[in-house]
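Okay, so here's the structure we're looking at.
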Amino acid sequence: MTGNSIVRTELRRKDLRFPFPPDFSERLAGRRVEALGRRAKYLLADLDSGDVLVMHLGMSGSFRVAGANSGDVRQGFHYPRSKIEAHDHVRFHLSDGQSIVYNDPRRFGFMDIVRRSDLHAHKLFANVGIEPLGNELDDEFLAGAFRGKKAPLKAVLLDQRIIAGLGNIYVCETLHRAGLSPRRAAGTLVRKEGRLSSRACKLAATIRSVLEDAIAAGGSTLRDHRLTDGSLGYFQHTFRVYDQEGEPCQAPGCTGTIRRIVQSGRSTFFCGSCQK
DNA sequence: CGCATCCCCTGCCTGC
DNA sequence: TGCAGGCAGGGGATGC
């Protein structure tokens, strides 16, 4: 997309999780994409109008690069007709003749357009937490975030207002690697003087290493996720707890069995024996 | 405010 | 084979 203009935007329905803004297609028409970026789990396309196209994939959203869906000739090159597939909801026709298609079976994703200057104050971003791979994440930050909290550790790590970007898989895997119980009240990891307890002192580093490993593995393909070349991620082959209910715990010396419980409506996988 | 529950939606898998 | 129920990577709305 970068460097191209959006010639036309085809909306195949009027909403995803939320309605598209009323002037969605018009505000994109003719705009050049200057850069692509990301904040938390939101994808950002900077436009030459000063607008930012904000996109969230939800659970099942994906983008693919395709030709035009009508067959198209631009600058002497004939782009083949590209089929519309089930759950194709948005198609951006680009100035180079290709198109970018957003597909999302469950429609938990959404898109919005925000003025660049308003982005940080926008309600999607105003309460968003720190980047887990940035410099702000350390034990001191975690101590401050956990202090006094009675919510389970699992829920606190999943809370995007604290750390933005950890999802269910990566929280489960992190807590197992760190030997911490997802059920423990987060505040119990903070000592009276406000420092993180010794049990939790590797947590920030563990979060980072789980994410780095997952990224190096191309992510986790449970069903929909693909790399940009269409290949599968393979971090799922290294899960120690996620979706491993009933399997023996692989922690050195541990004889426990991986369990599944439900916390705040979502599955948690953990070893009740070595995660304290 | 903090926390838990429910819900949005489609598709896939399991068990009967 | 068909059908009901449960579950899925996220997160907003609601209610206590």
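Chain naming here is simple, since letters A, B, ... match the order of the sequence lines and numbering starts at 1 in each.
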(request) For dT5(B), take OP1 and OP2 only and decide whether either is under 4.0 Å from a side-chain N or O of Arg266(A). (result) no
(message) Under 4.0 Å, heavy atoms only, any strand: does Asp224(A) hit a base, just the sugar-phosphate, or nothing?
(response) base
(request) Return no unless some side-chain N or O of His87(A) is found under 4.0 Å from OP1 or OP2 of dC9(B). (result) no
(message) Mind checking if Tyr242(A) touches a base, just sugar-phosphate, or nothing, with heavy atoms under 4.0 Å?
(response) sugar-phosphate
(message) What's Gly265(A) touching, base or sugar-phosphate or nothing? Going by heavy atoms closer than 4.0 Å.
(response) nothing
(request) Could you give the distance separating dC9(B) and dT14(C) at their P atoms, to the nearest angstrom? (result) 15 Å
(message) Donor-acceptor check, side chain of Glu173(A) to backbone of Arg240(A), threshold 3.5 angstrom: yes or no?
(response) yes
(message) Stacking between dG10(C) and Phe108(A), yes or no? Criterion: centroid separation under 5.5 angstrom, plane angle under 30 degrees.
(response) yes
(request) Have a look at Tyr42(A) and say if it touches a base, only the backbone sugar-phosphate, or nothing, with a 4.0 Å heavy-atom cut-off. (result) sugar-phosphate
(request) Quote, to the nearest angstrom, the P distance that separates dG12(C) from dG11(B). (result) 24 Å
(message) Whole angstroms only, please: what is the CZ-P distance between Phe125(A) and dG11(C)?
(response) 11 Å
(message) Does dG11(C) have its OP1 or OP2 closer than 4.0 Å to a side-chain nitrogen or oxygen of Lys41(A)?
(response) yes
(request) Could you give the distance separating dC6(B) and dG6(C) at their C1' atoms, to the nearest angstrom? (result) 16 Å
(request) Return the value, rounded to whole Å, for the distance between atom CE of Met59(A) and atom C1' of dG9(C). (result) 5 Å
(message) Quick check: on DNA chain B, is the nucleotide nearest Arg223(A) upstream (toward 5') of the one nearest Gly148(A), or the reverse? Name the residue that is more 5'.
(response) Gly148(A)
(message) Taking atom types as they are modelled, would you say the side chain of Arg106(A) forms a donor-acceptor pair with the base of dC9(B) within the 3.5 Å cutoff?
(response) yes
(message) Nearest whole Å is fine: how far is dG2(B) P from Arg147(A) CZ?
(response) 15 Å
(request) Starting at atom CG of Leu158(A), determine the distance to atom C1' of dG10(C), rounded to an integer number of angstrom. (result) 9 Å
(request) Keeping the roles fixed (side chain from Gln263(A), backbone from Pro152(A)), state whether a donor-acceptor pair exists under 3.5 Å. (result) no
(request) Could you tell me whether His56(A) contacts a base, only the sugar-phosphate backbone, or nothing, with contacts defined as non-hydrogen atoms closer than 4.0 Å? (result) sugar-phosphate
(message) Can a donor-acceptor pair be found, under 3.5 Å and without considering hydrogens, that links the side chain of Arg12(A) to the backbone of Asp88(A)?
(response) yes
(request) Answer yes or no: does atom CD of Glu140(A) have more than 12 heavy-atom neighbours from other residues, nucleotides or ligands under 6.0 Å? (result) no
(message) Using the C1' atom as the point on both nucleotides, what is the distance between dG9(C) and dC3(B), in whole Å?
(response) 23 Å
(request) Please answer whether the main-chain N or O of Tyr242(A) pairs with a side-chain N or O of Gln244(A) as donor and acceptor at a distance below 3.5 Å. (result) yes
(request) Classify the nucleic acid contact of Ser60(A) as base, sugar-phosphate or nothing, counting any heavy atom under 4.0 Å across all strands shown. (result) nothing
(message) Output the rounded distance in Å from CG (Asp243(A)) to P (dC12(B)).
(response) 17 Å
(request) For Asp15(A) and dC9(B), give me the distance from atom CG to atom P, rounded to whole Å. (result) 9 Å
(message) If the cut-off is 4.0 Å, is Arg260(A) near the phosphate of dC7(C), judged by side-chain N/O to OP1 or OP2?
(response) yes
(request) Give a yes/no on whether any side-chain N or O of Ser264(A) is located under 4.0 angstrom from OP1 or OP2 of dC3(B). (result) no
(message) Does Phe18(A) reach a base, just sugar-phosphate, or nothing at all? Heavy atoms under 4.0 Å.
(response) sugar-phosphate
(request) Can you spot which of Val114(A), Ile113(A), Leu28(A) makes a side-chain contact (heavy atoms from CB on, under 4.5 Å) with Asp51(A)? (result) Ile113(A)
(request) For Arg17(A), answer base if it contacts any base atom (sugar-phosphate contacts may also be present), sugar-phosphate if it contacts only those atoms, and nothing otherwise; contact means non-hydrogen atoms under 4.0 Å. (result) base
(request) Could you work out which one of dC3(B), dG11(C), dT5(B) sits closest to the side chain of Gln160(A)? (result) dG11(C)
